Structure formats: C-alpha cells, structure tokens
Amino acid sequence: MEKPVFCGLFFLPHAMRRFLPLLCLSAALCSFENPGPGPKRPAGLVYAWQTQPGPSSQTLAARFAVPAGCQRLPVAAGSWGEWLRYLPLMPAGTKARLYNGGLKNRQDVVAAVADIDVGAKDLQQCADAVIRLRAEYMFSHDPNKVHFHLTTGYDFWFSDFVAGKTFKVVKEEVLPATRPAEAPTHAALGRYLLPTFGYAGTKSLSRELRPVPLPQVQPGDVLVHGGAPGHAVLVVDVAEHPVTHQKYVLLAQSYMPAQNIHVLRNVDAPALGAWFALPGLMETEFDTPEWTFGRDEVKRFE
C-alpha cells in the first residue's frame, strides 16, 4: 500500500524538500470529503424512488474526494458504474438505522447513508441491498430487463410479475403462481422486490455474477461470499494512482438486521476516510469492517 504523504521536513528526503510548498498545497487541496460542491451529476441519471432529484452536493462523488494524487476510473455515460458514482446521499452525519427505526449498532463503520428507503420489514439485508440498487438502475433504463435468480435457481422476471406471473414456495419447492396483472410502475417494482429479497441471497447472487480478478475491479462489482452466513458488499466507486497504479475503492452495504444502505468507513486506516486500498498480489484476503472476503470473491453483473 502506498504510504501517506506528510508535509513535514522529517518525512521528506533532502532532495525533495525544495518541493515542500507544492506538496503542502496539494495536501491542502485534496481531502477525502469534499468541502465544496464536487463533481456535477450528469444529466439523464434517474433515481426513480426520489420524488424529485436531490442536490448535486449530496451525491457519492461530491461527498468523497479521491485519495491524494488519484483519479477516478473512467465510466461510460449511463452505465451502472456512473449511476452508482452519483448515488444520492443523506446529509453528512446521518446515522444508519434499522428497518424498525432503531440505530445500527456499529455507527463507527458508517461514512455516509444512502438516500434510499430500507423498507418496513427485515428483508433488505446485504445481498438484498445489491439487488435493490441493481434493480433500481435497470428499472431506470428498461424495466423489462429486471430479473434475478432465486436460491433455488428460479429466474424471476419483473416483466412476468407485472403480467400476473409469480411463484409460490411449497415444501422448499418453487412453483409457478398467478397474481393480478398491473402496470410496470416503480411501486410495482417494490412489490416485486419483496419476494425477491425473501428467496434470493448471497448464494444465488454469487452464482448469478461472473468472477473477475481483483486488480480489474470496477465500480458496480460485488464482493460476495455465498453462504449461510454470507455477505455482499458493493463497490460503488474506484480510484487509481496514475504512477503507482494502486487502486482504492468505496464500498457500500446493508447488513443484518435490514438497515440503511451505507458507505463504509475504513476503520483500520482512518487516514483514508471511506476509501479502501486494494490488497496487493500477495494478499489473500480483503478486509472490510464487518466481513473478510477472499481475493477471489469479486463478481460482476453481465
């Protein structure tokens, strides 16, 4: 991991001291939480649960500046990665709450809270948070492409759901069932997601996504350990140092019980704020505040 730069004479080689004013200026200008308005949200990004777009200052990209000397990885216009980069956030200092209104026990791991509801049931947990955000993104582009596999392997499509086709579970077997047809509205998406949350999880999500090498991580990738217990954490942004090629990621999660989707704080390296340095080639694990993943547990949506 690249060591932090200090603006002090005792931390710089003699030959570098003539650059001290520039280094200090750079450090002063670069912080991990932007005090200013930050990057402007591109036009055309839709977060359909919002009744009206929030301020550009309350987005992931605006809240979290990249580590010193780094640049955000390029993302295509309208892509999953761009959509996550400008995810709406609640005001700074907002506490993460459970589905029942109680406070999340570990507030120390919360760097920011996403401005999206958690629901009134204990359903939107770790894998469900990834499913929720992916469903919202796909809904904003083409509702007919929203679908997820359940743990049994059943492929559950939103288009089928609103057409009156759903499923029922009988003795752990998923069987076709009917329901009233309805228009493909955002409210209908919420109704579709409730049974999805109930019968999908880390096992199904891990099988549904394709593995990618950790050094190739991109915004929108998922750290996922399929199991019982298992966990899933979403990579919501990636930055890279152009000289060292060290990559840093911003991570978001829900947890158990169901709770606000939140950006994780790096409690092991507080100087990085909410950014996590990607483990080196010789490291076999990726530590996050509430789960340790194997380096081979990075997955990607097709």
Side-chain angles (χ1 to χ4, degrees), residues 1 32 39 45 47 59-67 70-76 78-89 109-114 116 125-138 148 202 205-206 208-226 230-241 245-255 260-269 272-281 283-302:
M1 184 190 305
F32 298 114
L45 296 181
Y47 302 90
T59 66
L60 189 95
R63 182 76 55 86
F64 298 105
V66 298
C70 293
Q71 300 170 349
R72 282 184 157 91
L73 288 192
V75 289
S79 66
W80 168 229
E82 183 187 58
W83 189 87
L84 289 171
R85 180 167 288 172
Y86 293 92
L87 189 68
L89 299 180
V109 308
V110 178
V113 173
I116 186 171
Q125 299 178 1
C126 57
D128 313 297
V130 176
I131 290 170
R132 170 72 188 278
L133 291 176
R134 180 67 178 183
E136 293 282 1
Y137 167 72
M138 296 303 295
F148 298 94
T202 57
L205 191 63
S206 180
E208 185 159 341
L209 308 184
R210 66 178 177 89
V212 293
L214 182 60
Q216 297 178 21
V217 68
Q218 296 177 3
D221 289 346
V222 184
L223 290 164
V224 55
H225 178 83
H231 192 44
V233 170
L234 183 61
V235 178
V236 289
D237 210 349
V238 182
E240 183 177 13
H241 194 285
H245 299 292
Q246 172 68 57
K247 286 184 178 179
Y248 300 86
V249 295
L250 287 176
L251 304 173
Q253 69 165 26
S254 179
Y255 203 65
N260 290 129
I261 298 172
H262 50 278
V263 180
L264 286 167
R265 184 182 303 280
N266 192 337
V267 293
D268 291 330
L272 287 176
W275 292 93
F276 292 76
L278 216 62
L281 293 174
E283 297 178 74
T284 60
E285 296 179 334
F286 191 159
D287 288 327
T288 71
E290 296 187 293
W291 195 272
T292 297
F293 295 93
R295 67 176 296 113
D296 60 346
E297 293 184 316
V298 184
K299 303 289 183 74
R300 181 172 298 167
F301 286 98
E302 296 290 351

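We use all heavy atoms of the structure for the numbers below, so side chains are in, but hydrogens, waters and symmetry mates are not. None of the values given here were measured: they were computed from a predicted structure.
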Which atom names give the shortest non-hydrogen contact between [X] and [Y], and what distance separates them?
X: Q218; Y: V235; value: O-CG1, 3.7 Å
X: A127; Y: T202; value: CB-N, 3.6 Å
X: A65; Y: W275; value: O-NE1, 2.8 Å
X: F286; Y: L278; value: CE1-CD1, 3.9 Å
X: V109; Y: P289; value: CG1-CB, 3.6 Å
X: L234; Y: G220; value: CD1-O, 3.8 Å

message: Just to verify, what does E290 make a salt bridge (charged side-chain N to carboxylate O under 4.0 Å, His left out) with, not counting sequence neighbours?
response: K104
task: Report yes if the side chains of Q253 and W291 come closer than 4.5 Å at any heavy-atom pair, otherwise no.
output: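 Counting from C-beta outward, Q253 and W291 never come under 4.5 Å.
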Return the set of residues passing side-chain contact (heavy atoms from CB on, under 4.5 Å) with [X] (not counting sequence neighbours), or none when no residue passes.
X: P213; result: P215, Q216
X: Q125; result: D122, D128, M256, A258
X: A112; result: R63, F64, L89, V263

Would you give the length of the straight line joining atom [atom1] of [X] to atom [atom2] of [Y], rounded to the nearest 0.5 angstrom?
X: H262; Y: L251; atom1: NE2; atom2: CG; value: 10.5 Å
X: S254; Y: I131; atom1: OG; atom2: CD1; value: 11.5 Å
X: L84; Y: L250; atom1: CG; atom2: CG; value: 11.0 Å
X: I261; Y: I116; atom1: CD1; atom2: CD1; value: 5.0 Å
X: H225; Y: E297; atom1: NE2; atom2: CD; value: 5.5 Å
X: Y47; Y: T59; atom1: OH; atom2: OG1; value: 8.0 Å

- prompt: Is it true that a side-chain atom of K299 and a backbone atom of S206 form a donor plus acceptor pair closer than 3.5 Å?
  reply: yes
message: When you measure from the side chain of R265 to the backbone of V110, do you find a donor-acceptor pair of N or O atoms at a distance under 3.5 Å?
response: yes
Taking side-chain hydrogen bond (donor to acceptor under 3.5 Å, both in side chains) as the definition, give me every residue that meets it alongside [X], ordered by chain and number, with sequence neighbours left out.
X: T288; value: none
X: K247; value: none
X: D296; value: none
X: Q71; value: none

- request: Check each of V236, D221, V217, V233 against V249 using the side-chain contact (heavy atoms from CB on, under 4.5 Å) test, and report the only one that passes.
  value: V217
- request: Go through the steps for F301 and L205 under the test side-chain contact (heavy atoms from CB on, under 4.5 Å), then give the verdict.
  value: CA-CA 9 Å; F301 286 98; L205 191 63; 4.2 Å; yes
All pairs passing side chain to side chain donor-acceptor pair (under 3.5 Å) where residues 78-89 contributes a residue, at least two apart: R85-D237
message: Evaluate H231 against Y255 for ring-ring contact (aromatic ring centres under 6.0 Å, His included), listing each step before the verdict.
response: CA-CA 8 Å; H231 192 44; Y255 203 65; 5.1 Å; yes
